[in-house]
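Inspection log for the structure reproduced underneath, given as structure tokens.
Throughout, a chain's letter reflects where its sequence line sits, starting with A, and its residues are numbered from 1.
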Protein chains: 2
Amino acid sequence: MIAEAGRMPEFSPRQNVVLEQALRLLVEGGEKALTTSGLARAAHCSKESLYKWFGDREGLLAAMIAHQASKVRTFERSGERLNAVLLREHLELFARDLLEVLAGDVSLALNRLAIGQSNRDGSKLGKLLLEHGRRQIDRRAIALIDAGKRAGLLRFDDADAAYHTLYGLIVSDLHVRMLLGEPGLKDNARQAQKAVDAFLTLHGTQKDSGEALRAASGR
Amino acid sequence: MIAEAGRMPEFSPRQNVVLEQALRLLVEGGEKALTTSGLARAAHCSKESLYKWFGDREGLLAAMIAHQASKVRTFERSGERLNAVLLREHLELFARDLLEVLAGDVSLALNRLAIGQSNRDGSKLGKLLLEHGRRQIDRRAIALIDAGKRAGLLRFDDADAAYHTLYGLIVSDLHVRMLLGEPGLKDNARQAQKAVDAFLTLHGTQKDSGEALRAASGR
DNA sequence: CAATTTCCGTACCGTACGGTACGGTTCGGG
DNA sequence: CCCGAACCGTACCGTACGGTACGGAAATTG
């Protein structure tokens, strides 16, 4: 173990190119299309190098998840002072970002891959995907609603429970439906508004309606 | 096409036994464990019979979904007159049933299977799973909340949207987490209560708290 | 420039899958 | 009782995968 944990592995540029090709193959053709031979051909490298760099197939899959996660850094700017309008805007932005991320090609492909493997490998990939892909966005949301509580705009006992409520209101069963092949929503922004309205009805401290606030803030 | 639609295929008893074995193999070992040879061995039938009965592998998977769906008939008793207590109880019962179904071994295995195939076969299995496995429970819930509205106990514009809200409050991201290999909840009933409380806060017409109602009804 | 390491492309190996073919057996109808 | 259909068990075929081995090219190092 090295002192600087959390950002240790990180691959060489050449390896990143290979991982990018691997993701492309996975997105285009699913798990069956991601073969060692196929990846070597597509990325113009040798199978021998693949096994030297990533160990075996599972190591390659794990590397793909880590690589993808390293591309989605979520910024946390919690500097500004919150008011009701700002909180609502940040919540809606989070909701739209979440819906967009979940509907992304690569996200869906990786989730399908991990789910497909999750009952024969002891769900190692599943754990990895949840930790790498989810922790970032979870922390952003919890930090936001915690700030809302400190500013007296939200009321709840358990931040984690409140966050799960928010998540459920935003996503409902959409994620699973998309994983099963259904198309996404026509209007993510509308869904984000509705979800945040409901969330503020449940946990907000002010009685103003979403409509009124949106009218007041000029959209 | 035969006149009696909706319950046409239905397999012979022998075939149902084979399908049951197929589900067992799938639950125990995932998709990789469900091979034609393995199934023939486990079910004491010949591969030739499998191909005669189900066509090919995909036909077998579809038959497994249909077979499983045929076992989960949901009863609709909408006779009795609704009041606030009764509505809440029915909503909580629905929530508990939903959580229990989603956490079931066979349900998780079939969902994993369909999701794993959904980006290489045009999501045919995904459609099938959503239609067979979901329509029943969706209709039960929508009938319930529609009855709630007719009884003046619920208020909403779009029953479908309200149902999706209820679903999100009950399930949140739990289904995906379980598909990825995480264990389920410790207490489904508690989660069901919380979700129904929130749903009634959003769409109920009466201001009584869940706590008060539960105390009044003696649990 | 020479030595050494890294890498590529290909060929190869064992295995296991989906699907087919076939001989022997069971079983129900005439 | 006999015939045909359905079925079982097994053997077989072509294919494609994960993983390894090897010879030669390219790049790195001193």
Side-chain angles (χ1 to χ4, degrees), chain A residues 9-26 28-65 67 109 112-114 116-122 124-125, chain B residues 9-26 28-65 67 109 112-114 116-122 124-125:
Chain A
E10 297 261 336
F11 307 98
S12 80
R14 179 77 179 102
Q15 289 164 9
N16 281 329
V17 172
V18 172
L19 290 175
E20 207 60 35
Q21 288 294 319
L23 286 177
R24 190 177 62 81
L25 288 180
L26 181 67
E28 290 179 358
E31 182 185 349
K32 305 233 63 153
L34 184 62
T35 69
T36 53
S37 312
L39 176 57
R41 206 175 313 119
H44 298 289
C45 70
S46 72
K47 291 170 67 172
E48 199 173 18
S49 300
L50 291 181
Y51 285 101
K52 171 185 281 191
W53 293 335
F54 307 112
D56 58 0
R57 188 166 195 270
E58 184 168 318
L60 171 67
L61 304 183
M64 290 168 63
I65 292 178
H67 170 70
R112 291 197 181 106
L113 177 65
Q117 310 252 329
S118 65
N119 59 1
R120 56 177 176 257
D121 68 350
K124 259 188 54 182
L125 278 187
Chain B
E10 294 262 336
F11 306 99
S12 79
R14 179 76 180 104
Q15 289 165 8
N16 281 329
V17 172
V18 172
L19 290 175
E20 208 60 36
Q21 288 295 317
L23 285 178
R24 190 177 61 82
L25 288 180
L26 180 67
E28 289 179 359
E31 182 186 350
K32 305 233 63 153
L34 184 61
T35 67
T36 52
S37 312
L39 176 57
R41 205 175 314 119
H44 299 289
C45 71
S46 71
K47 292 171 68 173
E48 199 173 16
S49 300
L50 292 181
Y51 285 102
K52 169 185 283 190
W53 294 335
F54 307 111
D56 58 359
R57 190 167 194 269
E58 185 168 318
L60 171 67
L61 305 183
M64 289 168 63
I65 292 178
H67 170 70
R112 290 196 182 106
L113 177 65
Q117 309 252 331
S118 64
N119 59 1
R120 56 177 177 258
D121 68 349
K124 257 188 55 182
L125 279 188

Check your understanding: So, does the side chain of A:E48 form a donor-acceptor pair with the base of C:dC8 at under 3.5 Å?
Key -> yes
Review point. Are more than 12 heavy atoms from other residues, nucleotides or ligands located less than 6.0 Å from atom CZ of A:R14?
Key: yes
Review point. Starting at the 5' end of DNA chain D, which residue's closest nucleotide do you reach first, B:R14 or B:K47?
Key: B:R14
Review point. When B:E20 is tested against each of B:H67, B:M64, B:Q15 for side chain to side chain contact (heavy atoms under 4.5 Å, CB included), which residue passes?
Key: B:H67
**Study point:** Any side-chain heavy-atom pair of B:F11 and B:V18 under 4.5 Å
**Key:** no
Review point. Do you know the tightest heavy-atom contact between A:K47 and A:T36?
Key: CE-OG1, 3.7 Å
Review point. Is there a donor-acceptor contact under 3.5 Å linking the side chains of A:E58 and A:Q117?
Key: no
Review point. A:S46 or A:Y51: which one's nearest nucleotide on DNA chain D is closer to the 5' end?
Key: A:Y51
Revision key, fill the gap. Taking for B:S37 and for A:A40 the nucleotide of DNA chain C with the nearest heavy atom, the one nearer the 5' end belongs to A:A40
Practice item. Assign A:R41 to base, sugar-phosphate, or nothing according to its heavy-atom contacts below 4.0 angstrom with the strands shown. Key: nothing
Practice item. Answer yes or no: is there an ion pair linking B:E48 with B:K52, defined by an N-O contact shorter than 4.0 Å? Key: no
**Study point:** Boundaries of the chain A footprint along DNA chain D (any atom under 4.0 Å from a heavy atom)
**Key:** D:dC17 to D:dC22
Practice item. Give me the residues of residues 53-60 of chain A where at least one heavy atom lies under 4.0 Å from an atom of DNA chain D, by number, or none. Key: A:D56, A:R57
**Study point:** For B:L25 against B:A42, the heavy-atom pair lying closest together
**Key:** CD1-CB, 4.1 Å
Practice item. May I ask you to test the A:I65-A:L113 pair for a side-chain heavy-atom distance under 4.5 Å? Key: no
